[in-house]
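Worksheet: one structure, shown below.
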Amino acid sequence: MVSVAIQAGGRSARMGRDKALVPLAGRPLIVHVLERAAPLGDEVLVTTNSPDAYAFLGVRLVADERPGAGALTGLQTALRAARHDMVLVLACDLPFVCVPLLKHMIGLAAQADAVVPRWRGELEPLHAVYQRTCLPAVDLALAEGRRRMISFLPAIRSIILEEDQVAAFDPQGLTFFNINSPADLQTAEHILASAAPLAEDV
């Protein structure tokens, strides 16, 4: 049993407006993420501090206890709110998430507290699977003022998917393409309009 949690609590400073709601190919960005990821879970929730803006999604909406405190607080919120022990956490601005890769990560998740991919040398904690067993480490990190999304990972059992393992499912790494600016949005429009294949459900 898996809960899918989409984080939509960011400030979207570079976009200049709530990026989860900006239109991509005529639909809000977050809808692209939900359509690809929702079938992987038995529950879907969105962490947001603007519930009225997301009511149209028809999914469970959960607010942070401390709004504006960062993505790690959003993870804490998702883990506390999820009805299942396994939680697939995705940022709201990943329109090309690779479903086969996510399925693979979910399949590995029972072996650890977290499954986190690495791409181009950087961990991708907002494209990861967490167990609720991570909560004590997340709580401690926040209590100690450590707000980076990866700050608690040394305290838990993690499986890190390296780039070659990710590339077996998504050679281009489009699953990690996130939209932070109008230029990124334009690139995403071009990707959608091109013949570039996206990983489909398998």
Side-chain angles (χ1 to χ4, degrees), residues 1-12 18-67 69-110 112-117 124-135 138 149 161 169-170 174-179 188 192 198-202:
M1 305 285 274
V2 180
S3 294
V4 175
I6 310 298
Q7 289 208 8
R11 295 181 180 177
S12 307
D18 189 341
K19 62 184 175 181
L21 300 176
V22 298
L24 173 62
R27 295 181 299 158
L29 177 54
I30 194 171
V31 171
H32 292 266
V33 185
L34 280 171
E35 285 187 350
R36 297 184 71 78
L40 301 176
D42 307 282
E43 173 196 29
V44 178
L45 59 94
V46 170
T47 60
T48 175
N49 297 305
S50 304
D52 290 346
Y54 293 91
F56 73 96
L57 294 174
V59 301
R60 187 172 164 220
L61 306 173
V62 184
D64 294 330
E65 291 182 10
R66 291 176 294 167
L72 187 56
T73 297
L75 174 60
Q76 181 187 55
T77 298
L79 292 177
R80 286 181 175 174
R83 296 190 174 112
H84 302 305
D85 289 336
M86 188 182 299
V87 187
L88 169 62
V89 173
L90 295 168
C92 65
D93 61 350
L94 300 170
F96 308 126
V97 287
C98 173
V99 173
L101 173 60
L102 296 178
K103 288 181 177 179
H104 178 65
M105 292 167 58
I106 290 169
L108 295 173
D113 298 309
V115 179
V116 184
E124 298 287 347
L126 285 172
H127 182 296
V129 183
Y130 300 96
Q131 302 280 0
R132 284 170 57 86
T133 49
C134 293
L135 258 176
V138 172
M149 272 294 291
L161 286 187
F169 297 91
D170 183 5
L174 279 178
T175 196
F176 306 118
F177 181 87
N178 65 314
I179 296 176
L192 286 174
L198 298 178
E200 301 296 336
D201 292 321
V202 293

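The model shown is predicted, which means the values in this text are computed figures rather than measured ones.
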For Val2 and Met86, run side-chain contact (heavy atoms from CB on, under 4.5 Å): C-alpha distance rounded to whole Å, both residues' side-chain angles, the deciding distance at 0.1 Å, then the answer. CA-CA 5 Å; Val2 180; Met86 188 182 299; 3.8 Å; yes
Can you tell me how far apart [atom1] ([X]) and [atom2] ([Y]) are? Round to the nearest 0.5 Å.
X: Asp18; Y: Thr48; atom1: CG; atom2: OG1; value: 7.0 Å
X: Leu45; Y: His84; atom1: CG; atom2: NE2; value: 10.0 Å
X: Leu88; Y: His127; atom1: CG; atom2: NE2; value: 8.0 Å

Does the side chain of Val59 reach to within under 4.5 Å of the side chain of Tyr54, using non-hydrogen atoms?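 No - every pair of side-chain heavy atoms lies 4.5 Å or more apart.
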Closest contact, heavy atoms only, [X] versus [Y]:
X: Ile179; Y: Pro95; answer: CD1-CG, 3.9 Å
X: Ala5; Y: Val87; answer: CB-CG1, 3.9 Å
X: Gly74; Y: Asp64; answer: CA-OD1, 3.6 Å
X: Leu79; Y: Cys134; answer: CD1-CB, 4.1 Å
X: Val33; Y: Ala91; answer: CG1-O, 3.8 Å
X: Val115; Y: Met105; answer: O-CE, 3.7 Å

Going through the distances and angles, do Leu126 and Val89 end up as a side-chain contact (heavy atoms from CB on, under 4.5 Å)? CA-CA 6 Å; Leu126 285 172; Val89 173; 4.2 Å; yes
Only one of Thr175, Leu94, Val97, Leu102 passes side chain to side chain contact (heavy atoms under 4.5 Å, CB included) with Arg36; say which it is. Val97
Using side-chain contact (heavy atoms from CB on, under 4.5 Å), reason through Leu161 and Leu108 one step at a time and then give a plain yes or no. CA-CA 10 Å; Leu161 286 187; Leu108 295 173; 3.8 Å; yes
Pairs of donor and acceptor atoms involving the side chains of residues 20-32, under 3.5 Å and at least two apart or interchain, shall be tabulated with distances.
unit_1: Arg27; atom_1: NH1; unit_2: Glu35; atom_2: OE1; d: 2.6
unit_1: Arg27; atom_1: NH1; unit_2: Glu35; atom_2: OE2; d: 2.6
unit_1: Arg27; atom_1: NH2; unit_2: His32; atom_2: ND1; d: 3.4
unit_1: His32; atom_1: NE2; unit_2: Leu24; atom_2: O; d: 2.7

Criterion side-chain contact (heavy atoms from CB on, under 4.5 Å) on Leu135 and Tyr130, from CA distance to verdict: CA-CA 9 Å; Leu135 258 176; Tyr130 300 96; over 6 Å; no
Going by salt bridge (Lys or Arg N to Asp or Glu O under 4.0 Å), name the residues that satisfy it together with Asp42, two or more places apart in sequence or in a different chain.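 Per chain and number, Asp42 pairs via salt bridge (Lys or Arg N to Asp or Glu O under 4.0 Å) with no residue.
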Please identify each residue that fulfils side-chain hydrogen bond (donor to acceptor under 3.5 Å, both in side chains) with Arg83, with sequence neighbours left out. Glu43
